[in-house]
Amino acid sequence: MNYSKVIKAVFNPDPKMPCTELHKGLGTEVYRIDTSTPLVVRFAHSDEDHFKFQAELMEAIAANDEITPRILYWEMNKTTKPLNGIQVQNYLDGVQLDHYPSYEESKAIVKSVYTIHRRLCDVSAKLRPDTCSTFYDILTQSSSHSWSYTWPASATVDDVIKSYFSKIDDCSIKEAANNLLQYERYNELFLSEQQYLVHFDIWSKNSTYSL
């Protein structure tokens with residue numbers, strides 16, 4: 001497959017490769033290209049390490065059930081700034097969920113989430129952790145200015161999460177998060193800022209349902 005031609009079909013209409021816009025936002029643009037096998041072209045902004053890691057991760061958790069796509073090709077392209085990264089993925093058929101899911105739909109969603117979660121756990125030790133942000137980094141860097149605080153060196157991810165959740169009004173999400181903090185396995189995995197984003201606590205299916 002000539003992926004350069006697939007990417008060019010986004011900018012230059014090609015009757016042999018019809019292009020359909022799927023999503024266009026500030027940070028991401030996604031297009032479907034109809035070849036013999038439909039493909040997705042995604043434009044996003046990040047650095048080379050991020051795109052390389054994302055391709056490795058998606059390949060590591062991909063399977064024949066097509067719950068997640070494969071990144072078939074990627075490149076950095078200065079001409080498309082600020083969306084400087086381009087990915088070509090296989091297209092996974094589906095429909096937008098615009099209603100409250102039925103019981104069967106909910107079961108299918110939970111089963112897919114649980115499957116992805118287990119695959120992430122299985123591959124986390126095999127992938128290079130230096131390409132991932134830590135939970136500590138994400139929480140401290142993404143917090144609003146009103147929550148800014150210089151955390152002591154001894155602070156754990158658990159300390160940061162508990163502090164932030166204390167500022168949130170009571171709701172079902174807060175209750176579920178507080179329940180998660182009580183899991184012994186959770187505390188074992190996230191006692192320090194050195195635990196990485198791709199490594200999750202091993203929930204049961206019942207835990208996924210309750211969350």
Should [X] and [Y] count as side-chain neighbours, where that means a heavy-atom distance under 4.5 Å?
| X | Y | answer |
| --- | --- | --- |
| V41 | V30 | no |
| I109 | P101 | yes |
| E21 | E29 | no |
| L39 | R32 | no |
| L72 | Y3 | yes |
| R42 | T28 | yes |
| I33 | V40 | no |
| M1 | T37 | no |

What is the distance from atom [atom1] of [X] to atom [atom2] of [Y], rounded to the nearest 0.5 Å?
| X | Y | atom1 | atom2 | result |
| --- | --- | --- | --- | --- |
| Y91 | E66 | OH | CD | 11.5 Å |
| I116 | C121 | CD1 | SG | 12.0 Å |
| I71 | L57 | CD1 | CG | 8.5 Å |
| T68 | Q89 | OG1 | CD | 10.0 Å |
| C19 | D34 | SG | CG | 9.0 Å |
| S102 | K107 | OG | NZ | 10.0 Å |

Is it true that atom CG of L97 has more than 12 heavy atoms of other residues, nucleotides or ligands lying nearer than 6.0 Å? yes
Do NZ/NE/NH1/NH2 and the carboxylate oxygens of R119 and D65 come within less than 4.0 Å? yes
N/O donor-acceptor pair under 3.5 Å between N90 side chain and R70 backbone: yes
Tell me whether H45 contacts the main-chain N or O of G27 through its side chain, where contact means a donor paired with an acceptor under 3.5 Å. no
Between N84 and N77, is the side chain to side chain contact (heavy atoms under 4.5 Å, CB included) condition met? List the steps. CA-CA 5 Å; N84 61 335; N77 193 322; over 6 Å; no
Do F51 and L83 share a hydrophobic cluster, counting only Ile, Leu, Val, Met, Phe, Trp and Tyr and linking them when any side-chain heavy atoms are less than 4.5 Å apart? no
Closest non-hydrogen contact found for E48 with W74 is CG-CH2, 3.7 Å
To check you understand the geometry: which heavy-atom pair defines the closest contact between A9 and D14, and what is its length? CB-CB, 4.5 Å
Test side chain to side chain donor-acceptor pair (under 3.5 Å) applied to Q54 and Q87, step by step: CA-CA 10 Å; Q54 194 173 51; Q87 299 170 328; 2.4 Å; yes
For Y73, run the side chain to side chain contact (heavy atoms under 4.5 Å, CB included) check against I7, V6, N2 and tell me which one passes. I7
When the ring centroid of F43 is compared with that of F11, is the distance short of 6.0 Å? yes
